[in-house]
Amino acid sequence: MAKKNKLLLIDGSSVAFRAFFALHNQLESFKNRNGLHTNALYGFHNMIEKILKEENPTHALVAFDAGKTTFRTEFYPEYKAGRAKTPREFTEQMPYLRELLKGFGIYYYELENYEADDIIGTLSAQADEKAFDVVVVSGDRDLTQLAKDNVKVDITVKGVSETKTYTVESIKEEYGIAPLQIIDMKGLAGDKSDNIPGVTKIGEKTALTLLQEYGTVEGLYEHIDDMKKSKRKENLINEKETALLSKKLATIIKDAPLAITLNDLVYNGPDTKKLIDFYKEMDFKSHLNRLDTSELEETLEANRSDIQFQKVTILTDEMFKDNQSIYVEMLTDNYHTAQVVGISWGNEEKIYACEPEVAFHSDIFKKWAEDGHSKKKTFDSKRTYVALKHHGIELKGVVADLSLEAYLLDVKDNSSDLAAIAEEYDYFDVATDESVYGKGAKRKVPEDKEQLYAHLARKIKAIAILCDQLMEKLEENQQTELFTDIELPLANVLADMEMAGITVNSKRLEEMKGEFAEKLQELEQKIYAEAGETFNINSPKQLGVILFEKMGYPVIKKTKTGYSTAVDVLEQLQDQAPIVAYILQYRQIAKIQSTYIEGLLKVIDKKTGKVHTRFSQTTARTGRLSSVDPNLQNIPIRLEEGRKIRQAFVPREENWRIFASDYSQIELRVLAHVSDDQHLKEAFIEGQDIHASTAMRVFGLEKAEDVTPNIRRQAKAVNFGIVYGISDYGLSQNLGISRKEAQQFIDTYFEKYPGVKQYMEDVVREAKDKGYVETLFHRRRYLSDINSRNYNLRSFAERTAINTPIQGSAADIIKVAMIQMEKALKASDLRATMLLQVHDELIFEAPEEEIETLEKLVTDVMEHAVALSVPLLVESDNGKSWYDAK
DNA sequence: GATCTCACG
DNA sequence: ACGTACGTGAGATCC
C-alpha cells in the first residue's frame, strides 16, 4: 500500500519571529563571520529538522506573509497596527531563511494581499479534500481554528523546537469549543497582538462561556433578546458591528487564489550540497559536523577538483626545492610506534608522493629533508620530525606548521585531522582521514593505493595554501613571534625529549605490583565483611547502593546519575562509617595499581626499558603542554604510597642522576608582574615567603611569628583562589569555612592588594570588549560565553579570563626556558639530557659529575628566560631516582 | 561513548 | 536565585 499523503504546512513568518525572540538573549553569540545574526535561522533550522524527522511528510510548504497590506487592512486599516518595529537583526536574516529552505528541499510561497495563514488555510482545505493528513506549524494560536480530524496544529512553545499539538479533541478539552469557534471567540474577545478590537469588557473566559451557550457570534445575536439586562448585553448590542468585523478579521481564508497546487509541494528530502553551503555560510559548524559524514563526504567528493600529482618510485633532484610542503602519513596516533604508509611533498603547482621505503632509501630525499636552508611547510612538525628521525632522517628547515598555526589562532582548533582544520578556514578540497582510512578496527590503507596518494597530495596542497593564509592571520594578531620563536622551535625540543625517553625500572614496578595486590585483597575482604556481601568496589553505582541504601548512611552529594562517592563525600562519612576508611585506602591503592603500575608497565619499550610520552602542544586551552600515552605529568607525589612510583623512574646509565628544577610560585609571580600590584611585587622582590606574607596582610598580623601553620594554609588557599578567579563558594569549600567568611577573606585580600583587584577587573572588562584574553606572549584564548546572559556560563568565562593569562604566561615562560635550555646543552659538552616538563618544572638525567654545572646552567636559564618586574626563582634537587630528586 | 573518580600542576 | 574554584589524562564501569 502506498504511504499515506501527509502535508506539512509551516507558518514561516511567525515561526521565524518566535525563533528570533526565543534566542534573543544570545543574539550576539549567534553571528557568522560576516557579522550576520543567525539566531532566527538557527532556531528555525532546528524546528524544521525536528518536525521533518517526527512527521516524515510527503508534501511540505513554508508560507510567508507577503507584506504589511492585505485584504484585511483594506476593510480595517488598523489590523496588526501598533506593533513594534521589526528589529533589523531579524529582517537581515530573512533572505537566508529562503536559502535554508532550499537546502531542506522545502517549497516556500507568499501571496500578495494575503497572510501566511490564508495560504495555509487554503492548502489545508485542499489537502483535506484529498484525504491527506495535515500538520500545521505556527507560532500563532489563531491557526488552531484549522484543526480537523486529519489536521493537527502544532504551536511553538517557549523555544521553537518544542511544540504543543492542538487537535479537535484537545481544543475541546482545553476550551470546550470546536476549532472553528476559535474565530467566534476572537470576534468577541478580540486579539491584542493583531489589534483585533472585540467587544468591550469581553475577554477569552467570557467569550468561551457565551459560545458554549450560543455556538457562534451570529447565534449569539439571534438570541440576544433572551439575554437578561446587563452592561455586557448593552456592550454586545452596541458593538455588534465590531464583533462581526473582528470575526471576519480572525477568519482564515480557505480559498485564496494560490498559484500553486498540492502537486508542487512534493517533498523529496534535503539537498545536501545546498545545506552544506548554507551551514558554511552561517558558520553552523555543529550542524556541518552532524550531517551524515558519508553524505557530506559524497557531496564534498563531488565538488573536489581533480588533484594533479605524480606517484614516483625514483626520486630526482628536480623534485625537491625550496618552499615545499612535506607530509608523512601514519594511521595511528602514536608516532613513536606507528608505521609510515606514505610520503608526499611539493608545492601548490607540483606534488609528488611515494612509498615510504622509496624516500627512506633516497639520499636525495635525505639531503633535502636535512637541508636547513630548504624551507618546508608541515602539518604537525613534531610528528613529522619524529617519524623521519626513526628512519635516520633529521628534518630541518621547517618554517610553518599548519597544526600549530591553527592552534595559536584559536586554541579550539586542535584537531589532528588536517581536513578539520582546513574546513575551519573554508578549505574543503581535502578529505578527512576517516573517510579515506575508516575508523576503529577497520582503519586501513585503502585497497586502491591511488586513493591514498591522491589523499596525501591533497594534504600537501592544503598545507601549501593554508600555511600562508594562517601566517598572515598570526601577523595580524601579533602572534608571529609566538609561533616562530616559541612554538615552532619548541616542537623540536619536545620531539628530542620524547625520543630520549625516560628509563623505567620495571622490576621495581613488578615488586610494587605484588605488594599492592596483596594489600588490595586484604582491603577487599575487610570491605566485604563490613558490607556483609561482595560487590564491585570499583563501581560507584554498586558502592552507592551499599553505602546509602543497604547501610543507610546519609547522602551528602548527588551526581547526575546517582549518589556521589567521591573522596570529599567519603571523608565526611568516615567518623560514622568504619567501612569508609577501607574504601578510601582501597581506592588509593587501586588507582596506583591500575593507572601507574599496570599502566606504565604496558608502555615500557621492552628493548630499551624506556617510556616515550607524547607532549601535546595543541591541547590545553591555556597554552600548557599535556602529556599522553603515558601521561608523565601526573605521576603521584602528594601521598607517600603513590610517590614511591617515582622510584621506578631512573637515569639511563649507572652513576647518573635524575635532576629536577622547578619554578617557585611562578603563577603568583606572573600575577605580580601583570597586575603590577606594589605589595605583591614587593613581597617577591624582598624574597618573602609569599603565603606567609599574604597571611600577615590579610589577617593583619604584625610579626612573622604570628603566622601559624593554619593561618598560612588559609592564606595559601586564598592565593590559589586568586589565581583561579576566586569565588566565595570555591574558597569556602576548599577551606571548609562558611561562604561569608570566605567572602570576608576575599574582600580583605582585595583591600590589601588593590593592584590585583584592578587587574582582575581590567582583564574581565577587556575580555568582554574583545572576546578574548592574551598571555604575555600574545597567546590568545577566545571566551565565547563572556557576555552570556547565563550566569553560570558567564561566571565561568570570567574566571577563565582571570586564570588564562596567568597560567598561560607561566606556560610561555617555561617554553622559552626549554628552548634556551636545549640550545645551551647542545652548545656545552654536557651529556645531560632534558626529559620531561611538568608545567613548572623540568626533569633531566645527567652523569653525577655534571650535576653541579647543570644546576648552575638550568637555574640561570630558567630564572632569566624572561625578565619580569619580579625575580623568577628556581629550586633544584637531584637523586638516584625521580623519587629522590625531592 | 558517557560518567565517575582521581592522579598531577 | 543561581551553583562554581583553573588546567589536564587515564582507568573502570555500564549502557
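Chain letters run A, B, ... following the sequence lines, proteins first, then strands; residues in each count from 1. This one's a predicted model, so the numbers in the text were calculated from it and none came from an experiment.
Helical stems involving DNA chain C, defined as 3 or more consecutive Watson-Crick or G-U pairs under 3.5 Å, span B:1-9 with C:6-14.
Of the candidates B:dG9, C:dA12, C:dC15, B:dG9 carries the atom nearest the A:Gln807 side chain, counting heavy atoms from C-beta on. The side chain of A:Tyr791 has C:dG3 as its nearest neighbour among C:dG3, C:dA10, C:dA5.
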Side-chain donor-acceptor pairs of residues 733-740 of chain A under 3.5 Å, sequence neighbours excluded:
{"from": "A:Ser738", "atom 1": "OG", "to": "A:Lys740", "atom 2": "N", "distance (Å)": "3.4"}
{"from": "A:Ser738", "atom 1": "OG", "to": "A:Glu741", "atom 2": "N", "distance (Å)": "3.0"}
{"from": "A:Ser738", "atom 1": "OG", "to": "A:Glu741", "atom 2": "OE1", "distance (Å)": "3.1"}

Contacts under 3.5 angstrom, residues 514-523 of chain A side chains, donor-acceptor by atom type, not counting sequence neighbours:
none

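No engagement by A:Glu667 is indicated, since no non-hydrogen atom pair under 4.0 Å with the nucleic acid exists. Within 4.0 Å of A:Arg739, counting heavy atoms only, lies at least one base atom of the nucleic acid. Heavy atoms of A:Gly721 sit under 4.0 angstrom from at least one base atom. Within 4.0 Å of A:Ala717, counting heavy atoms only, lies at least one base atom of the nucleic acid. If you check every strand for non-hydrogen atoms under 4.0 Å, A:Thr804 touches nothing.
Judged by the 6.0 Å distance and 45° axis criteria, A:Arg669 is not positioned over the aromatic ring of A:Tyr663. Under a cutoff of 6.0 Å and an axis angle of 45°, A:Arg780 and A:Tyr772 form a cation-pi pair.
Counted within 6.0 Å of NZ on A:Lys752, heavy atoms from surrounding residues, nucleotides or ligands total 12 or fewer; the atom is thus considered open.
Under 4.0 angstrom from either OP1 or OP2 of C:dC2 there lies no side-chain N or O belonging to A:Arg794. Distances shorter than 4.0 Å separate none of the side-chain N or O atoms of A:Asn538 from OP1 or OP2 on C:dG11.
Every residue two or more places apart in sequence or in another chain that forms a salt bridge (charged side-chain N to carboxylate O under 4.0 Å, His left out) with A:Glu533 is listed here: A:Lys550.
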- Contact pattern, 5' to 3', of nucleotides 1-7 of chain B - B, S or - by protein heavy atom under 4.0 Å: --SSSBB
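Across residues 611-627 of chain A, A:Arg624 each have a non-hydrogen atom less than 4.0 Å from an atom of DNA chain B (numbered order).
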